[in-house]
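Predicted, not measured: the structure shown is a model, and the values here were computed from it. Quick note on labels: first sequence line is chain A, next is B, and so on, each numbered from 1.
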Protein chains: 2
Amino acid sequence: MAMNVRTLCLGILTFREASGYELKKEIEDGSFSHFIDASYGSIYPALTQMNAEGLLTVRSEEQAGRPDKKVYAITDQGRTVLAKSLAVLPAKDKFKSEFLFEMLMQHFISKDHMDEAIDKQHADLLEDLAHIAQKRDRVCEVGSKFVMGYADSVLRAAVNYLEAQCPRLKKPKAKAAE
Amino acid sequence: MAMNVRTLCLGILTFREASGYELKKEIEDGSFSHFIDASYGSIYPALTQMNAEGLLTVRSEEQAGRPDKKVYAITDQGRTVLAKSLAVLPAKDKFKSEFLFEMLMQHFISKDHMDEAIDKQHADLLEDLAHIAQKRDRVCEVGSKFVMGYADSVLRAAVNYLEAQCPRLKKPKAKAAE
DNA sequence: TGATGCATGTAATCCGTTACATGATTCA
DNA sequence: TGAATCATGTAACGGATTACATGCATCA
């Protein structure tokens, strides 16, 4: 399905026009943050290139004190290209976890380090859950709701598993929304 | 934490010595399969390089009809390097999902295609779960058990969410191990 | 005064995949 | 006979990250 920065930007731009900077924020903060990454170093060149190819239009917004903001919008040609990408069935999910690798290496690392790693994982998961809880009732798009619900379920399962396996992690009240 | 093919190979080689071919199998079939990927094109050069650096030793096993099998073993120096990698706390998990991207694009794709994507995701998840169920009681390492349990929880949560959101996916009996 | 946010971009580099190249054995 | 499994490797290419480069505004 060719899920690269190009496709990602085209996708976001079907919701609203945006600058490179805003796209980055959307990717690391919005519904997208749960299953993708992208840095400025890939976003800006992708936008320039797609503009040259006619998939996007640009408009320069002048701003006091700041450099011009380049607002991109998707064209019909861009929509066609995106549609073609989306037409291919999605590849299997890919999950990369240094944490789980460390857990496999239990025979090789100290108990202390393990505990630290587990604490960090636990904290990371809770942070993600908090992030979702905070945004969840503010979104209205069906897609976003679905994705946030999915992420929420999965993260919650991970937290529960961790807490069950490591009683050391105090369950703080639990019970909120089952 | 530098979780690349090198670290991964070193890690596996702390369990047992192995050839590049066997490492690949372990990565795509063993406990590692749930959170990492690697192709021959990255494994073989990594082994050659690490051997040259003194992190591994090689032994050629002659075989009838087949090319020699090169069996690699980790050295003390290799263990030191691995330990240094593992000493850094694991980075946050990274999850890449074309499926969730498609779900976000609901306003842009046909109902039919959505259904196909959901079916595929459902099937992928079930396949992974089956794979775990089949291997689970055969493993004995604590690390493997932990990781399989983690993967199982998360995958099951995803399946449950999907089935709850899309009643079209017939729950087949359910009830097996809650 | 110093961090953070707004705003854009390039170049070097890394890391990995895909496709290619080869070839015997075994099973259906 | 053709697919799958065993077995190793290289070369071309792709895709993205990191670090660099710049600079004003705002807030603490």
Side-chain angles (χ1 to χ4, degrees), chain A residues 1-11 17-29 32-33 35-53 56 58-72 85 88 91-92 94-96 98 101, chain B residues 1-10 17-30 32-33 35-53 56 58-72 85 88 91-92 94-96 98 101:
Chain A
M1 174 191 143
M3 239 271 279
N4 46 29
V5 174
R6 286 168 64 99
T7 314
L8 177 60
C9 290
L10 286 176
E17 45 175 42
S19 65
Y21 188 82
E22 288 162 350
L23 286 168
K24 175 82 189 320
K25 278 211 316 190
E26 183 62 34
I27 292 165
E28 70 185 13
D29 244 61
F32 298 87
S33 63
F35 57 88
I36 214 153
D37 267 317
S39 58
Y40 290 128
S42 58
I43 294 171
Y44 284 123
L47 292 172
T48 308
Q49 200 199 330
M50 293 202 288
N51 177 52
E53 291 170 17
L56 305 176
V58 211
R59 162 171 58 85
S60 263
E61 254 180 36
E62 283 175 51
Q63 299 187 129
R66 290 197 186 74
D68 286 7
K69 180 196 276 198
K70 290 194 182 174
V71 180
Y72 292 89
S85 290
V88 182
K92 214 169 169 177
K94 270 173 196 167
F95 182 57
K96 227 164 240 198
E98 299 191 352
F101 181 63
Chain B
M1 174 190 144
M3 241 272 280
N4 45 30
V5 173
R6 287 167 64 98
T7 315
L8 177 60
C9 290
L10 286 175
E17 46 176 40
S19 65
Y21 188 82
E22 288 162 351
L23 286 168
K24 174 81 190 318
K25 277 210 317 190
E26 183 63 34
I27 291 165
E28 67 185 14
D29 243 61
F32 297 88
S33 62
F35 57 87
I36 214 152
D37 266 318
S39 59
Y40 290 128
S42 59
I43 292 171
Y44 285 123
L47 292 172
T48 308
Q49 199 200 329
M50 293 202 288
N51 177 52
E53 292 169 16
L56 305 176
V58 212
R59 163 171 58 84
S60 262
E61 255 180 36
E62 282 174 52
Q63 300 185 129
R66 290 196 185 72
D68 286 7
K69 180 197 275 196
K70 290 194 182 175
V71 180
Y72 292 90
S85 291
V88 181
K92 215 169 169 177
K94 268 170 199 171
F95 182 57
K96 225 163 244 201
E98 298 191 352
F101 181 62

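Rounded to a whole Å, the CZ atom of A:Arg6 is 12 Å from the P atom of D:dG14. Remark: C1' of C:dA7 and CG of A:Leu23 are 13 Å apart, rounded to the nearest angstrom. In this structure, B:Asn51 places its CG atom 10 Å from P of D:dG9, rounding to the nearest Å. One interatomic measurement links the two molecules: NZ of B:Lys70 to P of D:dA7, which rounds to 14 Å at whole-angstrom precision. Separating the CD1 atom of B:Ile43 from the P atom of C:dG16 is a distance of 10 Å, rounded to the nearest angstrom.
Between the axis at the start and the axis at the end of the helix from C:dT1-D:dA28 to C:dA28-D:dT1 there is an angle of 50°, using five pairs per end and rounding to 10 degrees.
Sequence order on DNA chain C of the closest nucleotides to A:Pro45 and A:Lys69 puts A:Lys69 first from the 5' end.
In this model, the phosphate group of C:dA7 is approached by a side-chain N or O of A:Gln63 to a distance below 4.0 Å at OP1 or OP2. Phosphate proximity of C:dA7 to A:Lys24: absent, as no side-chain N or O sits under 4.0 Å from OP1 or OP2. In this structure, B:Tyr44 reaches the D:dT8 phosphate: one of its side-chain N or O atoms is under 4.0 Å from OP1 or OP2.
In this structure, the side chain of B:Glu98 engages the main chain of A:Ala91 through a donor-acceptor pair within 3.5 Å.
Listed nucleotides D:dT17, D:dT5, D:dG15 differ in distance to A:Asn4; the shortest reach to its side chain belongs to D:dG15. Nearest nucleotide to the side chain of B:Ser19, out of C:dG9, D:dT8, D:dT10: D:dT8. Taking the side chain of B:Ser42 as heavy atoms from C-beta on, and the options D:dT5, D:dT17, C:dT17, the nearest nucleotide is C:dT17.
For the atom pair B:Arg59 CZ and B:Lys69 NZ, the distance stands at 9.0 Å (nearest 0.5 Å).
B:Glu28 meets the side chain to side chain contact (heavy atoms under 4.5 Å, CB included) test with B:Lys24; sequence neighbours excluded.
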